[in-house]
Amino acid sequence: MLNLDYSFLDWGVVSGFILKGLVFSVQLTLIAMVCGIALGTVLALMRLSGKPWLVIPASIYVNTLRSIPLVMVILWFFLLIPLLIGQPMGAELSAIITFTIFEAAYYSEIMRAGIQSVPRGQVQAGYAVGMSYGQTMQLIVLPQAFRNMLPVLLTQTIILFQDTSLVYAIGAYDLLKGFEVAGKNFNRPVETYLLAALVYFIICFSLSMLVRRLQQKIQIIR
């Protein structure tokens, strides 16, 4: 009824159009995850410091970015930054910086919840043996916070991978773009978009199952 034809699909199509996009989507996800968690942890510590000159800017940063759609941040950054610096950045680099900045706001809230889940008595114990605030956080609180929040951090990363398809708006060559280009070359856009949905589903569903198993193991350890 739909007259679908997948005869064009072979390894040449995959390696020539789709694999390049998949590689960039994975790179974007990993870089934004690592840098976003690092920046998000700093923001979380700033918000929990109790010092207004740290709490206020961190709160403004997190609440502002969490209130704006990601696609708008992508477009603003891609269009405005070249005007400010006087030269184009390129869609891929712009996407990496934008995702890192944006995801840090979400990872910050996850880390803040993780830090607050560590019993206050352990913080006081760190102070009691002469540790500074930084040492207590580094050696006692943050390792437990990361362990407690690991499933949530990974779930956010799966959402991040899905969101990488939004770089389509600025012309970056991601996984979705690879399918789109293949569809145009073989005049089979319906088939390629259906395949794109299937690939996103397989990747994200498989990762979700792994996160669920990890969460069960962490609960057993506790």
(request) State the CD1-CD distance between Ile203 and Gln162, to the nearest 0.5 angstrom. (result) 10.5 Å
(message) Applying a strict under-4.5 Å side-chain criterion to I, L, V, M, F, W and Y, I'd like to know whether Met209 and Val211 cluster together.
(response) no
(request) Indicate yes or no: at least one non-hydrogen side-chain atom of Leu9 is less than 4.5 angstrom from one of Phe186. (result) no
(message) Is there a side-chain contact between Leu194 and Leu4 in this structure, where contact means two heavy atoms from C-beta onward sitting under 4.5 Å apart?
(response) yes
(request) Apply side-chain contact (heavy atoms from CB on, under 4.5 Å) to the pair Arg112 and Val62, showing each step before the final yes or no. (result) CA-CA 12 Å; Arg112 191 160 69 105; Val62 171; over 6 Å; no
(request) Decide whether Val23 and Leu166 are clustered together by the hydrophobic rule: side chain heavy atoms of Ile, Leu, Val, Met, Phe, Trp, Tyr closer than 4.5 Å, transitively. (result) no
(request) Hey, could you give me the NZ/OG1 distance between Lys177 and Thr164, rounded to the nearest 0.5 Å? (result) 14.5 Å
(request) Kindly state each residue pair satisfying side chain to side chain donor-acceptor pair (under 3.5 Å) with at least one member in residues 136-146, sequence neighbours excluded. (result) Gln122-Gln144
(message) Could you tell me if the side chain of Met111 sits less than 4.5 Å from the side chain of Leu153, heavy atoms only?
(response) yes
(message) Listing request: all side chain to side chain donor-acceptor pair (under 3.5 Å) pairs with a residue in residues 7-31, at least two apart in sequence or in separate chains.
(response) Asp5-Ser7
(request) For Tyr173 and Phe17, indicate whether the former's side chain and the latter's backbone hold a donor-acceptor pair under 3.5 Å. (result) yes
(message) Applying salt bridge (charged side-chain N to carboxylate O under 4.0 Å, His left out) as the test, list every pair that has at least one member in residues 21-47; sequence neighbours left out.
(response) Arg47-Glu109
(request) For atom CZ of Arg66, decide whether the heavy atoms of other residues, nucleotides or ligands shown that lie under 6.0 angstrom number more than 12. (result) yes
(request) Mind telling me whether Phe161 and Tyr200 have parallel, tilted or perpendicular rings, with 30° and 60° as the class edges? (result) tilted
(message) When you group the ILVMFWY residues by side-chain heavy-atom contacts below 4.5 Å and let the links chain together, are Leu83 and Ile170 in the same group?
(response) yes
(request) Please write out which residues are connected to Ile60 in a hydrophobic cluster, directly or through intermediates, given that two of Ile, Leu, Val, Met, Phe, Trp, Tyr count as joined at side-chain heavy-atom separations below 4.5 angstrom. (result) Ile56
(message) I need the minimum non-hydrogen distance between Phe78 and Gly90, along with the two atoms involved.
(response) CE1-C, 4.3 Å
(request) Considering non-hydrogen atoms only, spot the tightest contact between Pro57 and Met46 and give its length. (result) CG-CE, 4.5 Å
(request) Give the minimum heavy-atom separation between Pro189 and Thr192, together with the two atoms involved. (result) O-OG1, 3.0 Å
Which pairs of donor and acceptor atoms, one on a side chain in residues 95-107, lie under 3.5 Å apart (sequence neighbours left out)?
residue	atom	partner	partner atom	Å
Thr98	OG1	Ser94	O	2.7
Thr100	OG1	Ile96	O	2.9
Glu103	OE1	Gln156	NE2	2.9
Tyr107	OH	Thr157	OG1	2.8

(message) For a 4.5 angstrom cut-off between non-hydrogen side-chain atoms, does Tyr168 reach Glu180?
(response) yes
(request) Look up atom OH in Tyr127 and atom CD in Gln135, then write down how far apart they are to the nearest 0.5 Å. (result) 10.5 Å
(message) How close do Gly114 and Asn148 get, counting heavy atoms only, and between which atoms?
(response) O-ND2, 4.5 Å
(message) Any non-hydrogen side-chain atom of Leu28 less than 4.5 Å from a side-chain atom of Asp174?
(response) no
(message) On a heavy-atom basis, which atom in Ala32 and which in Leu160 lie closest, and how many Å separate them?
(response) CB-CD2, 3.9 Å
(request) Nearest 0.5 Å please: distance from the CD1 atom of Ile37 over to the OG atom of Ser108. (result) 12.0 Å
(request) Go through the structure and list residues passing ring pair (Phe, Tyr, Trp, His ring centres under 6.0 Å) with Phe77, not counting sequence neighbours. (result) none
(request) Look at atom CZ of Phe205 and say whether more than 12 heavy atoms of other residues, nucleotides or ligands are closer to it than 6.0 Å. (result) no
(message) Once rounded to the nearest 0.5 Å, what's the spacing between atom CD1 of Ile159 and atom CG of Leu207?
(response) 12.0 Å
(request) Give a yes or no on whether Ile74 and Leu80 share a hydrophobic cluster (residues Ile, Leu, Val, Met, Phe, Trp, Tyr; joining criterion: side-chain heavy atoms under 4.5 Å apart). (result) yes
(message) Just so I know, are the side chains of Met33 and Leu30 near enough to count as touching, which here means a heavy-atom distance under 4.5 Å?
(response) yes
(request) Would you kindly confirm whether Leu39 and Val55 end up in one hydrophobic cluster when ILVMFWY residues are joined by side chain heavy atoms under 4.5 Å apart? (result) no
(message) To the closest 0.5 Å, what do you measure between OG (Ser67) and CE (Met72)?
(response) 11.5 Å
(request) Indicate the atoms forming the closest heavy-atom contact of Glu92 with Ala172, along with that distance. (result) OE2-CA, 3.6 Å
(request) Determine, stepwise, if the pair Leu45 / Tyr133 fulfils side-chain contact (heavy atoms from CB on, under 4.5 Å). (result) CA-CA 10 Å; Leu45 292 174; Tyr133 174 78; 4.0 Å; yes
(message) Using side-chain heavy atoms (C-beta onward) and a distance below 4.5 Å, is Ile81 in contact with Leu84?
(response) yes
